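Order of listing sets the numbers, starting from 1, for every ligand and every atom in it. Computed from a predicted model, the values in this text were never measured in an experiment.
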Amino acid sequence: MQGEAETRVRAWVEYYRDIGVHDFYRRGEPAQQAASEAEAVTATPDAAVESGRPFVNETPSAPPIVETILVPPVKLISFNELAPVPQDAIPAAEREAALRAIQQEIGDCTRCPLAYAGRHKIVFGDGAATARLMFVGEGPGADEDAQGIPFVGKAGQLLNNMIGAMGLARAEVYIANIVKCRPPGNRVPEPAEANTCSQFLLRQIDVVRPEVVVALGATAATYLLGVKQSLSSLRGRWHGCRGAKLAVTYHPAFLLRDPRQKAEAWKDLQMVMRELGLTPPTPKKNA
Ligand code: URA
């Protein structure tokens, strides 16, 4: 029977073969020897790819084996650079069907290692196919993985409140994530996972054609914009994403951990509201 670590490594091997990389590891070389040649990393194959250093797969039961990854570093590419923005928008009445077609194409996806990392449900997206406003998070957590719907856990409740404070209902916006499968332990998606999934999120954005996209947190901002910068340097100004204006704000899960930043997030949402001509709902008078 295959152990969990072995299954994961196999998934990575198959993933790289799928993208045309066949000759990427040397077997049987003692880890110590190779590690003395170059400083080795043991975290993940992706960390090795990013650093250009060898990946050491250490399993407790077997002597360490060195796998030298020869693939070029995974480059960050913005969603604007990935593919040209289609000139014509899909008619509003056809957008739901277009989203369903993307979902069908995803199927029971095994395109990246997250398929083998304990996923229960693929979390496609939720909301109006004609939304003017789209939120993009990082990846499903445990609640989303169980229900197959984005942002339904505690962070989702806060996101619902943020949407309500903007004078909108959740059903009026569209919500998706950088990756559609839960990363184990809620870790940040690896570049290879995000890049594999991006083709589908990109098409969802092109179908919905929101006027504004809000990137929730640094991971969403990094992958959508193809830049690795601090959240504070990206907030408070407009970026572009597939014909939409893109704003960056804090992830609701971060706001749950540090509620003092809610006022800052509200500034970001007010910038979005001004753009969309939204006014906050008037508070109900006490009877
Ligand atoms: N966090 C995310 O980034 N996305 C979800 O869907 C839930 C929590």
Query raised in the report: Does the pair E144 and V152 meet the rule for a side chain to side chain contact (heavy atoms under 4.5 Å, CB included), with working shown?
Result: CA-CA 6 Å; E144 292 76 20; V152 288; 4.0 Å; yes

Requested in this report: Could you check D126, N160, L216 and say which one makes a side-chain contact (heavy atoms from CB on, under 4.5 Å) with F151?
Outcome: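 Of the listed residues D126, N160, L216, the side-chain contact (heavy atoms from CB on, under 4.5 Å) partner of F151 is L216.
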
Would you mind running through ligand 1 and noting each atom that sits below 4.0 Å from a heavy atom of [X]?
| X | result |
| --- | --- |
| P150 | 6 (O) |
| E138 | 2 (C), 3 (O) |
| H251 | 1 (N), 2 (C), 3 (O) |
| G137 | 3 (O) |

Query raised in the report: Should the proximity of E144 to ligand 1, defined as any heavy atom under 4.0 Å, be assigned to the side chain, the backbone, both, or neither?
Result: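 Side chain only; the backbone of E144 stays clear of ligand 1.
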
Query raised in the report: Taking atom CD of Q229 as the centre, does the number of heavy atoms from other residues, nucleotides or ligands within less than 6.0 Å exceed 12?
Result: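 Yes, the 6.0 Å shell around CD holds more than 12 heavy atoms from other groups.
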
Report task. Answer yes or no: does atom CZ of R237 have more than 12 heavy-atom neighbours from other residues, nucleotides or ligands under 6.0 Å? Result ->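 Yes, enclosed.
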
Report task. Please confirm whether G139 comes under 4.0 Å of ligand 1, counting heavy atoms of the residue only. Result ->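 Yes, G139 has a heavy atom closer than 4.0 Å to ligand 1.
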
Report task. Could you tell me whether F151 and ligand 1 have an N or O pair separated by under 3.5 Å? Result ->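 Yes.
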
Query raised in the report: How close does the nearest protein non-hydrogen atom get to atom 4 (N) of ligand 1, and which residue and atom is it?
Result: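 Result for atom 4 (N) of ligand 1: N177 OD1, 2.8 Å.
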
Requested in this report: Before accepting this row, confirm whether a basic side-chain N of the pair R119/D108 lies closer than 4.0 Å to the acidic partner's carboxylate O.
Outcome: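 Yes.
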
Query raised in the report: If we only count heavy atoms from C-beta on, is the L114 to P184 side-chain gap below 4.5 Å?
Result: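 Heavy-atom side-chain distance check passes, below 4.5 Å.
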
